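Heads up: numbering here begins at 1 and tracks the sequence. This one's a predicted model, so the numbers in the text were calculated from it and none came from an experiment.
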Amino acid sequence: MKKSIFTYVIVVALIALLAFTAVFGLDLGFTEIPSLEDGVTLGLDLVGGSEITYQAAVPAGTSSSDLSEGMGSAITMLRQRLDSLGYTEATVTKQGDDQIVVDIPAETNPEEAASKIGATAVVEFRTSDYDEAAGTGMSMGGTAIDSARAEYSAIDQTGAQAWHVVLELTSEGQKQFAEITKYAANMASGENVVGIYLDDVEISSPQVSSEYASNGINSDSAIITLGSGTDSEYATYLADIISAGQLPFTLENVKMESVGASLGERSLSSSLMAGAIGVLLVMLFMIVFYRLPGLIASVSLALYTALFAVVISVAHLNLSLPGIAGIILTIGMAVDANVVIFERIREEIRKGKTIRASIDAGYKNAMSAIVDSNVTTLIAAIVLWKLGTGTTVGFAMTLFTGVVLSMIIMLFASRILMKSLVGVKAVNPALYGVKTQKEGE
């Protein structure tokens, strides 16, 4: 009995700790968990701001693969430019095949934002001593690169494999690349690098080996090694940045609009109020209809809500109204799983089984149906996440996160709490909403 009571104390303390962390944040010494206010970025529809839509001016004859590749490079370029301008909370999403939408929360002047962002990238390769005003060093424009792609394969004669970027050069670019790499390899300062810059911001600084001191890298292709610890994400990012210097199209600003903050504030407060009322009504229904298991479900729901708040804060989620809808939806799904389990437990109690045996059988019989329904929801969330645009992605992210967390809470916390009921001698079938003469264990 003491063990069961201790379990409930631990769960209540955990809920309190998670709730405190969500509201105030928590400094663990080696890392810091931000509060919801600091960790979560509110979307354009909640705080207002500017929305800018770019249309790719695609030349006739451009293949769908070239367009898709170019759009990826354009998105990376815009993301880098937004970060450098301080718009770190902005989102960049692809819309359809040839449009890109940029949402900048709290920016009230879309025309000014659009003029800062621009629509074309300036990619350059520079030696470390390059100074245009002083006339020192060398530089090469990004248009000298025909294409850039990330690859995972052998990078030297030892056969060691690692992520790297493969450059394909134009005929004129081959000559320029040979000259700049030869220059870098012979620099007396020892800084034998050719830096890669986007809009005057250094993105990478690959070294040029001394073996190229005589002729430079004189080939129609070259590779940029990134080290054994580099992952595919960074390699793809760097390849997209380089490709942004030779996009097969220009981006045209076709739409600018300002979203009022007052609408977002009203929507946010209404959504939070609706969510809170919904959670309380669900808890009340579960307790009235399922008695003691309903109380356990309510405690699990409180644990789930507090854990969800900390997770989205740590993940620095960009939260929009559809994202909030996704959270509320997963709360309903978490309760739905409990309803299925509790009904199975009731069936077993009516058959005359003990409370302990009924709980074990209830979870076992309900598990396959619950897992199947949650897995299909996860598949739908992943498809929306990968193929959706704009606020659809926010909805998919919160839906996916919520389903995963609800399954964890249901499979572990709820089950442990339910089994602990036997430990505190809660074995009267009436406590489980079952009218029977048999009182269980």
Side-chain angles (χ1 to χ4, degrees), residues 54 56-59 62-63 65-85 92 100 102 116-133 135-151 163-185 192-208 212 216-226 230 233-253:
Y54 292 99
V58 184
T62 301
S63 67
S65 61
D66 286 342
L67 175 60
S68 178
E69 238 178 72
M71 291 295 283
S73 298
I75 288 172
T76 302
M77 177 268 291
L78 287 171
R79 177 72 270 167
Q80 176 64 32
R81 185 167 291 180
L82 286 163
D83 289 345
S84 66
L85 290 171
V92 184
I100 297 174
V102 176
K116 288 180 181 178
I117 297 170
T120 56
V122 178
V123 175
E124 281 188 305
F125 293 74
R126 303 175 184 173
T127 57
S128 58
D129 62 341
Y130 176 74
D131 187 327
E132 185 178 8
T136 59
M138 293 188 68
S139 71
M140 180 185 80
T143 53
I145 307 298
D146 186 52
S147 67
R149 66 183 184 276
E151 277 193 8
W163 281 101
H164 57 277
V165 175
V166 178
L167 304 179
E168 300 291 343
L169 299 143
T170 65
S171 55
E172 181 60 31
Q174 180 178 340
K175 300 174 186 176
Q176 296 176 24
F177 197 67
E179 292 175 4
I180 195 171
T181 51
K182 178 180 178 180
Y183 181 94
N192 311 105
V193 296
V194 176
I196 302 172
Y197 289 76
L198 173 65
D199 299 330
D200 290 325
V201 177
E202 187 177 56
I203 304 302
S204 182
S205 53
Q207 293 238 352
V208 181
Y212 299 109
I217 302 176
N218 191 6
S219 173
D220 59 359
S221 65
I223 67 169
I224 300 175
T225 57
L226 304 172
T230 303
E233 186 176 350
Y234 178 75
T236 303
Y237 165 77
L238 182 58
D240 283 344
I241 285 291
I242 296 171
S243 297
Q246 41 87 44
L247 292 174
F249 51 76
T250 57
L251 294 176
E252 297 177 355
N253 184 344

Specify the closest pair of heavy atoms between Ser243 and Ala148, including all atoms of both residues, with the distance to one decimal.
OG-O, 3.4 Å
Between Thr136 and Asp129, what is the shortest heavy-atom contact and its length?
OG1-O, 2.8 Å
So do the side chains of Leu238 and His164 get within less than 4.5 Å of each other, counting heavy atoms only?
no
Nearest 0.5 Å, what's the CG-CE distance between Asp240 and Met77?
11.0 Å
In Å and rounded to the nearest 0.5 Å, what is the CG to OG distance from Asn192 to Ser128?
8.0 Å
Between Asp146 and Leu169, is a side-chain contact (heavy atoms from CB on, under 4.5 Å) present by the stated rule, with each step listed?
CA-CA 5 Å; Asp146 186 52; Leu169 299 143; 6.0 Å; no
Could you give the distance from CD (Glu179) to CD (Gln174), rounded to the nearest 0.5 Å?
11.0 Å
Among Thr127, Val194, Ile145, which residue meets the side-chain contact (heavy atoms from CB on, under 4.5 Å) test with Met140?
Ile145
Between Ala56 and Leu251 the two heavy atoms that sit nearest each other are CA-CD2, 4.1 Å
For Tyr234 and Ser204, run side-chain contact (heavy atoms from CB on, under 4.5 Å): C-alpha distance rounded to whole Å, both residues' side-chain angles, the deciding distance at 0.1 Å, then the answer.
CA-CA 11 Å; Tyr234 178 75; Ser204 182; 3.8 Å; yes
Atom OH in Tyr54, atom CD1 in Ile100: separation rounded to 0.5 Å?
9.0 Å
Say you draw a straight line from CD of Glu124 to CD1 of Ile196; how long is it, rounded to the nearest 0.5 Å?
12.0 Å
Closest approach of Val208 and Ala184, non-hydrogen atoms and distance?
CG2-CB, 3.9 Å
So does Glu233 get a backbone contact from the side chain of Thr236, meaning a donor-acceptor N/O pair under 3.5 Å?
no
For Thr230 and Leu226, indicate whether the former's side chain and the latter's backbone hold a donor-acceptor pair under 3.5 Å.
yes
Between CD1 on residue Ile242 and OG1 on residue Thr76, distance to nearest 0.5 Å:
11.5 Å
Ignoring hydrogens, what is the shortest heavy-atom contact between Met138 and Ile180? Give both atom names and the distance.
O-CD1, 3.8 Å
Minimum heavy-atom distance Ala239-Ala150, with the two atoms named:
CB-N, 3.8 Å
State whether the side chain of Ser205 and the backbone N or O of Val193 hold a donor-acceptor pair below 3.5 Å, judged by distance alone.
no
